[in-house]
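Sequential numbering from 1 along the given sequence is applied to the chain's residues.
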Amino acid sequence: SSDVCSSDLNQELSALWDKWVAYRRSKRWSTTNDYVGRWNEELSKHGVAKSIAAINESLLQGWQGLFPGKSMGQARSAPPKTSKDHAEGF
């Protein structure tokens, strides 16, 4: 297991972090000690639940990065289109 999951983070996050690192390696994206160290600090700031959500969302979306400060689906939070929007050609 990588250093990112220190004793204050749980086993679920540890397993998910390992999956994230494996995903990044499969894409040939950076997984250096510096990368791991920076994310150790960053994920510790956000807590286990937000860290797990951020990693899951990034894996699901195929993203290159993690975004623990954003709630899931935040980028897609535009209101649904209405019939008025359709009549105006969106």
Side-chain angles (χ1 to χ4, degrees):
S1 178
S2 301
D3 291 340
V4 74
C5 296
S6 59
S7 60
D8 63 321
L9 301 177
N10 71 24
Q11 291 180 345
E12 180 182 359
L13 179 55
S14 179
L16 192 56
W17 176 256
D18 289 344
K19 186 175 180 179
W20 173 250
V21 170
Y23 166 74
R24 287 188 57 87
R25 285 183 180 145
S26 76
K27 299 289 187 178
R28 297 179 187 223
W29 295 332
S30 175
T31 56
T32 64
N33 288 338
D34 183 54
Y35 175 86
V36 170
R38 285 182 292 146
W39 276 107
N40 183 36
E41 292 175 23
E42 188 64 26
L43 294 177
S44 294
K45 293 176 192 175
H46 293 280
V48 174
K50 284 186 179 180
S51 297
I52 289 172
I55 296 170
N56 276 327
E57 181 74 357
S58 291
L59 286 168
L60 179 67
Q61 298 297 335
W63 292 338
Q64 184 172 350
L66 298 173
F67 308 97
K70 295 183 179 183
S71 62
M72 290 179 20
Q74 187 177 26
R76 300 179 300 262
S77 62
K81 300 294 183 188
T82 65
S83 58
K84 181 180 178 201
D85 294 318
H86 181 67
E88 296 172 357
F90 294 97

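Residues satisfying the side chain to side chain contact (heavy atoms under 4.5 Å, CB included) criterion with Ser26, sequence neighbours excluded, are Tyr23. With sequence neighbours excluded, no residue forms a side-chain hydrogen bond (donor to acceptor under 3.5 Å, both in side chains) with Ser30. With sequence neighbours excluded, no residue forms a side chain to side chain contact (heavy atoms under 4.5 Å, CB included) with Asn33. Applying the side-chain hydrogen bond (donor to acceptor under 3.5 Å, both in side chains) criterion to Glu42, with sequence neighbours excluded, gives His46.
Distance CD1/Ile52 to CG/Asn10: 5.0 Å, rounded to 0.5 Å. Taking CG of Leu13 as the reference point, atom CG of Asp18 lies at 9.5 Å (rounded to 0.5 Å). With rounding to the nearest 0.5 angstrom, the NZ atom of Lys19 is 7.5 Å from the CG atom of Asn56.
Proximity of Trp39 to Trp17: side-chain heavy atoms (C-beta onward) are separated by under 4.5 Å at one or more points.
In this structure, Ser51 contributes its side chain and Gly47 its backbone to a donor-acceptor pair below 3.5 Å.
Across all their heavy atoms, Pro68 and Ala54 have their closest contact at CA-CB, 3.5 Å. Of all the heavy atoms in Trp20 and Ser58, the pair that sits closest is CZ3-CB, 3.6 Å. The two atoms that bring Tyr35 and Arg24 nearest to each other are OH-CD, 3.2 Å, heavy atoms only.
For residues 27-39, the salt bridge (Lys or Arg N to Asp or Glu O under 4.0 Å) pairs, not counting sequence neighbours, are Asp34-Arg38.
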Kindly indicate, with the supporting measurements, whether the criterion side-chain hydrogen bond (donor to acceptor under 3.5 Å, both in side chains) is fulfilled by Thr31 and Arg25.
CA-CA 7 Å; Thr31 56; Arg25 285 183 180 145; 3.3 Å; yes
